[in-house]
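Presented below is the structure to which this report refers.
Both backbone and side-chain heavy atoms feed into the values below; hydrogens, waters and symmetry mates do not. On a predicted model such as this, the values are computed, not experimentally measured, just so you know. The first residue in the sequence is number 1, and the count goes up from there. Just so you know, ligand 1 is whichever comes first in the structure, and atom 1 is the first atom listed for that ligand.
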Amino acid sequence: MSVFGGTAPDLKVNIAGIDLKNPVIAASGTFGYGVEFEDVLHLGKLGGFVVKGLSREPMIGNPPPRLFETAAGMLNAIGLQNIGARAFIEEKLPHLRQLKDVVVMANVFGYAREDYEHTIEILNDGEGIAAYELNVSCPNTAHGGLQFGSDPRSLDEVVTTARRVAKRPLIVKLSPNVTSIAQMAYVAQEAGADALSLINTFVAMAIDPETRKPRIANITAGLSGPAIKPIAVRMVYDAAHAVKIPVIGMGGISSPADVVEFMLAGATAVEIGTASYWDPCATEKIVDGLAEWCHDHHVARIADFIGGMVVE
Ligand SMILES: Cc1cc2nc3c(=O)[nH]c(=O)nc-3n(C[C@H](O)[C@H](O)[C@H](O)COP(=O)(O)O)c2cc1C
């Protein structure tokens, strides 16, 4: 019986063999290592969470200012600050393992193919990681600094390498800074991705007209939040139609109805990022709201939404 009376809606979904109790996953970079959110929400209520992007060595990130709020969005240039894969295993994972019933995914990035390879090799030793999410929105320094995820050949190389070493399901997180997201989705699938997640942030910038200075010290930054949602929905739709593997959708989700929208476009699950900046409990509230939404709309099984857009 549910709190609303009657049978509780079934919110379960499956991504690359991983059972999630609901489709709501906290997105990388907006949820720390999960432990930071333990006191403000019930981690066990989420479908899962993705930890901050991990690299081979610790990184200090970019100088401030690193965040700037825009119309319905946010610019960030945190610079992939993190404690490094080894410290994550030693300092964060043991505690996360003790929490029952949480799905922890590790986001991985690098500036060369070997960085991804070595970071995944380190993480393979860590017990309690459900999957890897490969962030390919990083400059490939060996090849002129173009993002791995913006060049089909680099994408193929990095995914093939990661698939070879990864002992866990591999989710490839696509960059939206491309001409054809369908092509990149297909390349990632053919190189061995078990699932896709999209979208990462759009390269963007803002200038203060008074001081004439960039709003972000790094000059360019990643745009996220509701401002990017309609483009994200279109990209999820295009990607889901180009591949057979499951797609995790994200970009500006801030309500239960937004989750349903992404699922109708073809997403099996979703991630929520910037909304957690505005309200640290956003992910948990959206899980509760989703159950209510399904109940109010007489939906027994949330998985029925996947790819269910109606074109008259
Ligand atoms: C402050 C901040 C830090 C982020 N750090 C990462 C990261 O480390 N790795 C990654 O793959 N994506 C990172 N992202 C991108 C988000 O996970 C997500 O793809 C993007 O923000 C779009 O979703 P949203 O509009 O719900 O935030 C970051 C986003 C923000 C706002």
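- Side-chain N or O atoms of N177 include one that pairs as donor or acceptor with a backbone N or O of V203 at under 3.5 Å.
- A donor-acceptor contact shorter than 3.5 Å is absent between the side chain of D238 and the backbone of S180.
- Among protein heavy atoms, the minimum distance from atom 21 (O) of ligand 1 is reached at S224 CB, 3.3 Å.
- Every atom of ligand 1 is numbered from 1 in the order shown, and the set under 4.0 Å from a heavy atom of G252 is 24 (P), 25 (O), 26 (O).
- Considering backbone and side-chain N/O of A275, none are found under 3.5 Å from N/O of ligand 1.
- Heavy atoms of L198 come nearer than 4.0 angstrom to ligand 1 in no pair at all.
- For G53, a nitrogen or oxygen atom sits less than 3.5 Å from a nitrogen or oxygen atom of ligand 1, counting backbone and side chain alike.
- Nearest protein heavy-atom neighbour of atom 15 (C) of ligand 1: N200 OD1, 3.4 Å.
- Crowding of Y186 atom OH: a count of heavy atoms from other residues, nucleotides or ligands under 6.0 Å not exceeding 12.
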Stepwise, does the side chain to side chain contact (heavy atoms under 4.5 Å, CB included) test hold for C294 with F305? CA-CA 10 Å; C294 288; F305 284 133; 4.1 Å; yes
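- Here the protein heavy atom with the shortest distance to atom 10 (C) of ligand 1 is K173 NZ, 3.4 Å.
- Environment of CD1 in I207: sparse, with no more than 12 heavy atoms of neighbouring residues, nucleotides or ligands closer than 6.0 Å.
- Heavy-atom neighbours of R153 CZ from other residues, nucleotides or ligands within 6.0 Å: at or below the threshold of 12.
- The atoms of ligand 1 that sit less than 4.0 Å from any heavy atom of L80 are 7 (C), 8 (O).
- For ligand 1, the polar-atom distance check finds no N/O of A27 at less than 3.5 Å from any of the ligand's N/O atoms.
- Distance from atom 26 (O) of ligand 1 to its nearest protein heavy atom, with residue and atom name: G273 N, 3.0 Å.
- Note: no N/O pair closer than 3.5 Å links Y277 and ligand 1 by distance alone.
- Cluster membership for I25 and L264, using ILVMFWY side-chain heavy atoms within less than 4.5 angstrom, is shared.
- For atom 28 (C) of ligand 1, the nearest protein heavy atom (residue, atom name, distance) is S28 O, 3.5 Å.
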What verdict does the ring-ring contact (aromatic ring centres under 6.0 Å, His included) test give for F37 and F49, after you've listed the backbone C-alpha separation in whole Å, the side-chain angles of each residue and the deciding distance to 0.1 Å? CA-CA 11 Å; F37 281 73; F49 60 85; 8.9 Å; no
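- For ligand 1, the atoms sitting less than 4.0 Å from at least one non-hydrogen atom of M74 are 31 (C), numbered in the order shown with element in parentheses.
- Atom 8 (O) of ligand 1 has as its closest protein heavy atom K52 NZ, 3.1 Å.
- Where the criterion is an N or O separation shorter than 3.5 Å, residue side chain and backbone included, T201 fails it with respect to ligand 1.
- Not a single donor-acceptor pair under 3.5 Å links the side chain of K52 to the backbone N or O of I83.
- For atom 3 (C) of ligand 1, the nearest protein heavy atom (residue, atom name, distance) is G29 O, 3.4 Å.
- Summarising the local packing, OH of Y237 is surrounded by 12 or fewer heavy atoms from other residues, nucleotides or ligands at distances under 6.0 Å.
- Looking only at distances, a side-chain donor or acceptor of E36 sits under 3.5 Å from a matching main-chain atom of G34.
- Residue G225 has at least one nitrogen or oxygen atom sitting less than 3.5 Å from a nitrogen or oxygen atom of ligand 1, judged on distance alone.
- If you check which protein heavy atom lies closest to atom 30 (C) of ligand 1, you get N76 ND2, 3.3 Å.
- In terms of polar-atom proximity, defined here as any N/O pair under 3.5 Å, E133 makes no such contact with ligand 1.
- The backbone N or O of G110 sits nowhere less than 3.5 Å from a side-chain atom of R56 that would complete a donor-acceptor pair.
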